[in-house]
Amino acid sequence: MSEFIITEDFPDNQQEFDERFSDEQACYDYLFRMRWPNGFHCPRCGHTDFWMSSRGLCICCRCEYHQSITAGTH
Ligand SMILES: [Zn+2]
């Protein structure tokens with residue numbers, strides 16, 4: 001035990017950001033698989049290409065329909 005790591009010098013905010021980002025990504029992945037177990041398809045036009053915004057919105061590449069993966073099923 002000759003080494004002593006001073007953790008206080010580590011940028012806590014960056015670490016918290018990374019952990020939060022990682023948690024959110026994992027959460028989105030889980031919700032995504034729950035909602036679209038066979039892959040995304042747009043509820044409006046049926047297109048399967050999409051991009052995901054930073055807030056968990058899946059946005060259809062064809063009609064730009066916004067589908068939140070965090071919203072309840074209704
Ligand atoms: Zn669409």
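One-based numbering, in listed order, for ligands and for the atoms of each. Note that the structure is a prediction, hence the values are computed from the model and not measured.
Atom CE of residue Met52 and atom CD of residue Gln67 lie 10.5 Å apart, to the nearest 0.5 angstrom.
The side-chain hydrogen bond (donor to acceptor under 3.5 Å, both in side chains) search around His41 returns none, not counting sequence neighbours. Under the rule for a salt bridge (charged side-chain N to carboxylate O under 4.0 Å, His left out), Glu64 has no partner lying at least two apart in sequence or in another chain. Judged as a ring pair (Phe, Tyr, Trp, His ring centres under 6.0 Å), and not counting sequence neighbours, Tyr65 has no contacts.
Only protein N, O or S atoms were considered, and those under 2.8 Å from the Zn ion (ligand 1) are Cys42 SG, Cys45 SG, Cys60 SG, Cys63 SG.
A parallel orientation is assigned to the rings of Phe32 and Phe50, their planes being inclined by less than 30° (bins at 30° and 60°).
Here the shortest heavy-atom pairing between His47 and Cys61 reads CD2-CB, 4.3 Å.
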